[in-house]
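Here the structure is a predicted model, which means the values were calculated and not measured.
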Amino acid sequence: MANASSISRSLRRSLAPDDLHRLLLQRSRAFVTAECHRPVVLHKRGPDILHDPWFNRGTAFSMTERDRLGLRGLLPPSVVSSQQQIDRFMGDLKRLEQNARDGPSDTYQLAKWRILNRLHDRNETMYYKVLIDNIEEYAPIVYTPTVGAVCQNYSGLFRRPRGMYFSAEDRGEMMSMVYNWPADQVDMIVVTDGSRILGLGDLGVQGIGIAIGKLDLYVAAAGINPQRVLPVMIDVGTNNEKLLKDPLYLGLQEHRLEGEEYVEIIDEFMEAVFSRWPNVIVQFEDFQSKWAFRLLQRYRKTYRMFNDDVQGTAGVAIAGLLGAVRAQGRPMIDFPKQKIVVAGAGSAGIGVVNAASRTMARMLGNNEIAFESARSQFWIVDAHGLITEERVDIDPDARPFARRKSELTHQGLNEGASLIEVVKKVKPDVILGLSAVGGLFSKEVLEALKDSSSSRPAIFAMSNPTKNAECTPEEAFSIIGETVVFSSGSPFDDVDLGDGKIGHSNQGNNMYLFPGIGLGTLLSGARIVSDGMLQAAAERLASYMKEEEVLQGIIYPPTSRIRDITKEVAAAVVREAVAEDLAEGYRDMDARELARLSEEETVDYVKNNMWNPVYPTVVYKKD
C-alpha cells in the first residue's frame, strides 16, 4: 500500500494548481476542525483528572466517560451540559461578588477576580467560555484596570503557581529549567521583569499578574490554545523599598541587577526558551523604558518577539489617530497634516511617535523629505517640559523629535515650556497622553485645546490604570464640547450630553492589536515580527469601523467584537508576512499555499485555527 507521502506527491503531480490549492485548503480546514475536537489521550484516571484544570469538566463528564476514566462515584450522579454549568457559575458569581471581599481594602473588582481565578484553577475550558461569552464585563477584571490591583497585592493573593519564574539565582540553569514546564508545545510567551507594571512602577515578582492577564486575552480574543501559553517572570530583584522590607514578598529581596549582568540573564532566558520551543512567539511586557528599546533592538531581528508597550501601544494609537482624521470627515491620507502634542517620553510615548512618524512618512513618499516633514508634526513634553535640541543629556530615543532652535523662535516656545504653553502656541489637532500622570490634562490644558486649528480636536488619555488617565471623558466633553473625540487606555462610560446626544468614550486598549499580531505571526510562520506586519495590523484596526460610526466619534470598536477584530487583524498580519516573504507556513499550510489564499480565504484560515472552549472527548491510555 502506498504511504501518505507518496499519495500526496501523486496528487500534486496530477492536479492543476488551482485544484490543488482548493484541496489543500479543504484539507487544512478539515485538519483544524478535527484538531479542535480530536480525542485527548490522558495517562491519568480518577481524582487526578478532577484535580487537573486542563482536563477537569466536573459534572459535565458523561456516564460513559466516567466509566472509562474511573470517575463513577467520584461525582454527583447528574450529568449536566456545559451551558448549565456556566448558568450555575454565573448565578453564584452574582451572589458572591459582594460576599467574597476580604475586607474594606478588597475592591468590588478584586472580588470578581478572586472568584474567576478560582474557576480558572478548577476548570480552564469553562473559565475561558465564561470569559469569551462575557468579554465586555470581564476583560477589565482579568486585564486593565483590575490587573493593576492584582499585581500590587499578588503576594497576598497567591494560592497556586501559574507560569514560570526565572531569577538572578538561576544563572546557568535556565536551559534545563525550561524542561520543567509540562507542555511540549508552547505557542505564546508573555514575559515581564516587573520593573514598570502599567503606571504603578516597580512591582518586582508580583508583575507576573500582567503576563497572566495578557495571556488570558490571547486565549479569549485570539483563540490561542490555553495549553500552549506560558506566562513568565524574570526576577532580577526590585528597587521598590516597600517590597524589599515586606516579609510576605515572594521575590528576591535585593536591588535590581543592572548593566551587562542584567542583559546576560535576558540573553540566557531567550536562548533557553527558543532552544526548547523554536517556533514560540515572545511578547515583552512592562519593562522599564531604558531596557524596553534596547532589548527590542537586540532581539527583534533574531527571534520571533515584539514589545507590546512600544509596538502594540503605538499600533493602537496609530489606529486611533487615523480614526480621528476620519472623524473630521477627512481621508486617512490627510494624517501627515495633523499636529500632535505628546505628553510622556517613556517607551510607550516614544514608541507611538516613532510609529506614527513612519506612517506619515510612508504616506508622503518614504523619502528623506517625507521623514523630515513627519518629524515636524510632533511636540514631545516630558516631566521637564518641551523637549528641544537644547536639552542637556537628552534621551537618545527622543533626540530625533527634539524641536530645533529655529522652530522654537517661530513658535514662541523654548526648552522646557510647559504643556499648557505648548498647547496654546501649537493649537494641535491631537493631544496624546502616555505620561502615567493622572489629571495631567487639566482644565487649563483642555481650555487651551478649544483653540485647536481642528474643528474636531482629539484627546487620547492613554495611561493605565484608570487613576493614571490624563483626564476623564466627563472633563473633556464638559470643557471642550460635543465636537471632541475622546479615547482612553482604561474603560470609561459614555457621557450623556443631553438632548439625546452621547459623548462616546473610546477605549484605545492594546487588546485590540496584540492578540492579532501574535496569532497572525503564529499562523504565517513569519521568522520575525516586522514593522510592516505591525503597520498592517494598525491599519486594519483603523479601517474596521464603519464611516457612520467614525463620524459619530466612535473610533474603536466595542470589546464585544474582540474575536472578530482579532481575526481580521491576524489575517492582515498573515498577508503582510507573505508579501514581505517572511512567511514559512503553519502546520500543513506552507508559504506557497498561504500566498495563494484570497483575502476572504485568509480570514477563513485564521478563523478555523482559533481554539474554542469546548470539551473534547477524553480517552485513558495506560503508560
Side-chain angles (χ1 to χ4, degrees), residues 147-178 180-181 189-215 230-274 282-299 303 305 307-310 346-348 383 395 397 436 464-465 468:
V147 72
V150 171
C151 290
Q152 287 177 307
N153 297 279
Y154 199 78
S155 289
L157 293 170
F158 182 85
R159 294 295 179 270
R160 59 177 290 170
R162 194 181 301 281
M164 288 196 75
Y165 299 79
F166 297 86
S167 79
E169 295 183 352
D170 297 319
R171 279 175 280 196
E173 302 294 335
M174 295 183 193
M175 191 66 75
S176 60
M177 286 172 62
V178 292
N180 292 336
W181 188 250
I189 289 174
V190 175
V191 59
T192 183
D193 69 352
S195 59
R196 192 201 64 87
I197 299 299
L198 298 172
L200 303 172
D202 185 348
L203 297 183
V205 77
Q206 299 183 158
I208 186 71
I210 193 70
I212 294 169
K214 289 275 186 175
L215 286 168
L230 174 57
V232 171
M233 161 55 61
I234 299 181
D235 185 1
V236 293
T238 179
N239 292 334
N240 185 323
E241 293 299 324
K242 181 179 178 182
L243 296 179
L244 290 172
K245 298 173 183 176
D246 184 353
L248 298 180
Y249 178 61
L250 296 173
L252 295 180
Q253 289 188 298
E254 56 190 52
H255 286 98
R256 286 187 170 273
L257 289 181
E258 297 289 349
E260 288 307 310
E261 277 191 300
Y262 174 88
V263 175
E264 287 169 5
I265 287 177
I266 310 298
D267 281 349
E268 184 179 348
F269 162 76
M270 292 293 279
E271 184 179 355
V273 295
F274 279 95
V282 176
Q283 175 182 313
F284 277 59
E285 186 68 31
D286 285 353
F287 284 70
Q288 59 186 313
S289 298
K290 69 177 181 179
W291 291 120
F293 285 106
R294 180 174 173 183
L295 296 176
L296 177 61
Q297 297 307 318
R298 186 177 184 84
Y299 302 129
Y303 296 115
M305 61 80 64
N307 184 301
D308 185 50
D309 303 297
V310 177
S347 60
D395 188 316
D397 297 309
N464 289 315
N468 288 346

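- Residues satisfying the side-chain hydrogen bond (donor to acceptor under 3.5 Å, both in side chains) criterion with Glu261, sequence neighbours excluded, are Arg171.
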Original post:
Can you list the steps and then say if Val282 with Tyr299 is a side chain to side chain contact (heavy atoms under 4.5 Å, CB included)?
Top reply: CA-CA 10 Å; Val282 176; Tyr299 302 129; over 6 Å; no

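- Taking both residues in full, the closest heavy atoms of Arg162 and Pro231 are given as O-CG, 4.1 Å, listed atom of the first, atom of the second, then distance.
- Scored by the side-chain hydrogen bond (donor to acceptor under 3.5 Å, both in side chains) test, Gln297 finds no partners at all (sequence neighbours excluded).
- Within the 4.5 Å cutoff, the side chain of Val232 has no heavy atoms near those of the Trp181 side chain.
- Applying the ring-ring contact (aromatic ring centres under 6.0 Å, His included) rule to pairs touching residues 150-172 yields Phe166-Phe269, sequence neighbours excluded.
- Here ring-ring contact (aromatic ring centres under 6.0 Å, His included) pairs that include residues 242-265, with residues two or more places apart or in two chains, are Tyr262-Trp291.
- Applying the salt bridge (Lys or Arg N to Asp or Glu O under 4.0 Å) test to every pair with at least one member in residues 288-299, sequence neighbours left out, gives these pairs: Glu258-Lys290, Glu260-Arg294, Asp267-Arg298.
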Sequence neighbours excluded and cut-off under 3.5 Å, please list the side-chain donor-acceptor pairs for residues 195-212, or say none.
{"unit_1": "Ser195", "atom_1": "OG", "unit_2": "Asp193", "atom_2": "OD1", "d": "2.7"}
{"unit_1": "Ser195", "atom_1": "OG", "unit_2": "Asp193", "atom_2": "OD2", "d": "3.4"}
{"unit_1": "Ser195", "atom_1": "OG", "unit_2": "Gln288", "atom_2": "N", "d": "2.8"}
{"unit_1": "Arg196", "atom_1": "NH1", "unit_2": "Leu198", "atom_2": "O", "d": "3.1"}
{"unit_1": "Arg196", "atom_1": "NH2", "unit_2": "Asp286", "atom_2": "OD1", "d": "3.3"}
{"unit_1": "Arg196", "atom_1": "NH2", "unit_2": "Asp309", "atom_2": "OD1", "d": "3.1"}
{"unit_1": "Asp202", "atom_1": "OD1", "unit_2": "Gly204", "atom_2": "N", "d": "3.0"}
{"unit_1": "Asp202", "atom_1": "OD1", "unit_2": "Thr238", "atom_2": "OG1", "d": "3.0"}
{"unit_1": "Asp202", "atom_1": "OD1", "unit_2": "Arg256", "atom_2": "NH2", "d": "3.1"}
{"unit_1": "Asp202", "atom_1": "OD2", "unit_2": "Thr238", "atom_2": "OG1", "d": "3.2"}
{"unit_1": "Asp202", "atom_1": "OD2", "unit_2": "Asn239", "atom_2": "N", "d": "2.7"}
{"unit_1": "Asp202", "atom_1": "OD2", "unit_2": "Arg256", "atom_2": "NE", "d": "2.9"}
{"unit_1": "Gln206", "atom_1": "OE1", "unit_2": "Ser155", "atom_2": "N", "d": "3.4"}
{"unit_1": "Gln206", "atom_1": "OE1", "unit_2": "Ser155", "atom_2": "OG", "d": "2.7"}
{"unit_1": "Gln206", "atom_1": "NE2", "unit_2": "Cys151", "atom_2": "O", "d": "3.0"}
{"unit_1": "Gln206", "atom_1": "NE2", "unit_2": "Gln152", "atom_2": "O", "d": "3.3"}

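- In this structure, Glu285 contributes its side chain and Asp308 its backbone to no donor-acceptor pair below 3.5 Å.
- Side chain of Ser289 to backbone of Ser347: a donor-acceptor contact under 3.5 angstrom is found.
- Judged as a side-chain hydrogen bond (donor to acceptor under 3.5 Å, both in side chains), and not counting sequence neighbours, Gln253 has no contacts.
- Here the closest heavy-atom approach between residue Asn464 and residue Asn468 is recorded as O-ND2, 3.2 Å.
- Listed by chain and residue number, Ser167 satisfy the side-chain hydrogen bond (donor to acceptor under 3.5 Å, both in side chains) test with Asp170 (two or more places apart in sequence, or in another chain).
- When the salt bridge (charged side-chain N to carboxylate O under 4.0 Å, His left out) test is applied to Glu169, no partner is found at least two apart in sequence or on another chain.
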Original post:
Can you list the steps and then say if Val310 with Phe284 is a side chain to side chain contact (heavy atoms under 4.5 Å, CB included)?
Top reply: CA-CA 9 Å; Val310 177; Phe284 277 59; over 6 Å; no

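- Between Ala292 and Asn307, the shortest heavy-atom contact is CB-ND2, 3.7 Å.
- A distance of 10.0 Å separates CD in Glu264 from CG in Leu257, rounded to the nearest 0.5 Å.
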Original post:
Which is it for Met174 and Ile265 under the side chain to side chain contact (heavy atoms under 4.5 Å, CB included) test, yes or no, and what are the steps along the way?
Top reply: CA-CA 9 Å; Met174 295 183 193; Ile265 287 177; 3.7 Å; yes

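- Remark: side-chain polar atoms of Asp246 are not paired, donor with acceptor, to backbone N or O of Lys242 under 3.5 angstrom.
- Asp235 meets the salt bridge (charged side-chain N to carboxylate O under 4.0 Å, His left out) test with no other residue; sequence neighbours excluded.
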